[in-house]
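Computed from a predicted model, the values in this text were never measured in an experiment.
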Amino acid sequence: MDVRVLRYFLAVAREESFSRAAKSLYLSQPSISREIQELEEELGAPLFVRGSRNVTLTREGMRLRRRAQEIVDLVDKTREEFVDLEDEISGDVYIGGGETHLMREIARIAIAVREEYPGVRYHLHSGNADDVIERLDKGLLDFGLLIGPAPVQKYEFLQLPGCDVWGLLMRAEHPLAQKETVEAADLAGVPLLLSRQSMTAGDLSRRLGRNLEDLNIAATYNLVFNAAIMVEQGMGCALTLDKLVDTMAGNGLCFRPLKPRLEENLSLVWKKYQIFSPAAEIFLRRARQAFAGA
């Protein structure tokens, strides 16, 4: 299986047309069609449903698209690392993580590195812990920002200073907004928007003293921006981390921490025995200096 052919496959999937894909790649349509047909024969499965105007992916094609994109991304990242060896002050750093106000700590380091090495570029990926760990394991990320204790068996880590605090984001006129803190008993019957991050964040259920199944879950979300709009429109209250939504921006929202206080430490993690690009090596050196006393 040739990476070149996987790029052709991804182009056809993106354009939904052999002719448009050929045009975008500056190749002839018969060449693209022949390469895709040989790929289908190699895999023993049709990848596209061919219509009169457009083509669509088959189930096997959908499965290959995700894997092909990961392979192409990894090949590109590897090529960039070898190019970076020729110029120690440029390159790419790939960082993944969930939403947290402690990303500001990462931003400060990233900015300091770029001030000294303007050729360094950053690529950020937002996702939950499982997604970030999967991409770390596949070599698609250099670093991951994870809530809770780091899995030290497979990863090196630096703990960040400070912590995240769980609480309830709600409309300012909500009855619970009159309280300084929100207890687990207060959540009974309240329509909740739960972050998928919270649903996998260690012992959240135990620390709340309630099973998640007992809660009135109106929706789940992975990024709080859209969830905050749902709260603003009256769908319910969002269980989220503090300082992710600006409650002073005149949007009629407020945040109340949970009681007992529920905090999460965060760690910057990377694979053990990782061979970094020069740019990622510089970033890690600065992170070690910044978080040495955390």
Reported CG-to-CD distance for the pair Leu253 and Glu173, which is rounded to 0.5 angstrom: 9.0 Å
ILVMFWY cluster, Val12 and Leu25 together (side-chain gap under 4.5 Å): yes
Test side-chain hydrogen bond (donor to acceptor under 3.5 Å, both in side chains) applied to Tyr94 - qualifying residues, sequence neighbours left out: Glu80
Donor-acceptor contact below 3.5 Å, side chain Tyr8 vs main chain Glu35: no
For Arg67, all residues meeting salt bridge (Lys or Arg N to Asp or Glu O under 4.0 Å), sequence neighbours excluded: Glu70
Straight-line distance of Leu187 CG to Cys237 SG, nearest 0.5 Å: 8.5 Å
Main-chain N/O of Asp246 paired to Asn251 side chain as donor or acceptor, under 3.5 Å: yes
Closest approach of Leu141 to Leu136 (non-hydrogen atoms, all atoms of both residues): O-CD2, 3.7 Å
Test item: Arg135 side-chain N/O and Leu140 main-chain N/O as donor-acceptor pair under 3.5 Å: no
Criterion salt bridge (Lys or Arg N to Asp or Glu O under 4.0 Å) on Arg66 and Glu134, from CA distance to verdict: CA-CA 13 Å; Arg66 178 182 178 187; Glu134 179 183 2; 3.0 Å; yes
Exercise: do Asp137 and Tyr155 side chains pair donor with acceptor under 3.5 Å: yes
Inter-residue atom distance Ile95.CD1 - Leu145.CG, 0.5 Å rounding: 8.5 Å
Heavy-atom neighbours of Lys271 NZ exceed 12 at 6.0 Å: yes
Distance in Å, Asp2 CG paired with Glu42 CD, rounded so as to fall on 0.5 Å steps: 9.0 Å
Steps toward salt bridge (Lys or Arg N to Asp or Glu O under 4.0 Å) verdict (Glu180, Lys259): CA-CA 9 Å; Glu180 292 186 1; Lys259 182 182 179 182; over 6 Å; no
For the student: nearest non-hydrogen atoms of Leu244 and His101, plus distance: CD2-N, 3.7 Å
Leu266 and Thr100: CA distance, side-chain angles, deciding distance, side chain to side chain contact (heavy atoms under 4.5 Å, CB included) verdict: CA-CA 9 Å; Leu266 280 91; Thr100 169; 3.6 Å; yes
Leu192 with Met230, same ILVMFWY side-chain cluster at under 4.5 Å: yes
Joint cluster assignment, Phe255 & Val231, ILVMFWY side-chain distance < 4.5 Å: no
Leu241 CG to Glu99 CD distance, which is reported to the nearest 0.5 Å: 8.5 Å
Linked, directly or transitively: Val5 and Phe18 (ILVMFWY side chains, under 4.5 Å): yes
Minimal non-hydrogen separation, Ile109 against Tyr122, with atom names: O-OH, 4.5 Å
Shortest non-hydrogen separation from Ala68 to Leu6 and the atoms involved: CB-CD2, 4.0 Å
Shortest non-hydrogen separation from Ser19 to Ser17 and the atoms involved: OG-OG, 2.9 Å
Steps toward side chain to side chain contact (heavy atoms under 4.5 Å, CB included) verdict (Ser24, Arg14): CA-CA 11 Å; Ser24 71; Arg14 181 180 65 251; 4.0 Å; yes
Beyond-backbone contact of Tyr117 with Ser90, side-chain heavy atoms, under 4.5 angstrom: no
Steps toward salt bridge (Lys or Arg N to Asp or Glu O under 4.0 Å) verdict (Arg50, Glu40): CA-CA 13 Å; Arg50 291 156 171 84; Glu40 290 176 320; 3.0 Å; yes
Close side-chain approach of Arg256 and Met170, heavy atoms under 4.5 Å: yes
Within one Ile-Leu-Val-Met-Phe-Trp-Tyr cluster: Val72 and Met62, side-chain cutoff 4.5 Å: yes
Check against salt bridge (Lys or Arg N to Asp or Glu O under 4.0 Å), Arg63 and Glu60: CA-CA 5 Å; Arg63 184 179 299 116; Glu60 293 82 2; 5.4 Å; no
Test item: Asp186 side-chain N/O and Glu183 main-chain N/O as donor-acceptor pair under 3.5 Å: yes
Ser267 side chain to Val269 backbone, donor-acceptor under 3.5 Å: no
Euclidean distance, Leu223 CG relative to Thr240 OG1, rounded to 0.5 Å: 10.5 Å
Stepwise ring-ring contact (aromatic ring centres under 6.0 Å, His included) check, Phe276 with Phe143: CA-CA 10 Å; Phe276 287 117; Phe143 304 100; 5.0 Å; yes
Donor-acceptor pair, side chain of Arg114 and main chain of Val120, under 3.5 angstrom: yes
Chi angles and distances behind the side chain to side chain contact (heavy atoms under 4.5 Å, CB included) call for Phe9, Arg65: CA-CA 8 Å; Phe9 164 76; Arg65 179 170 58 181; 4.0 Å; yes
Side-chain touch Arg108/Glu105, heavy atoms, less than 4.5 angstrom: yes
Taking every non-hydrogen atom, the tightest pair across Val165 and Arg261: CG2-NH2, 3.2 Å
Side chains of Thr58 and Phe48 in contact at under 4.5 Å (non-hydrogen atoms): no
Side chain to side chain contact (heavy atoms under 4.5 Å, CB included) assessment of Thr247 paired with Leu169: CA-CA 9 Å; Thr247 56; Leu169 181 72; 3.9 Å; yes
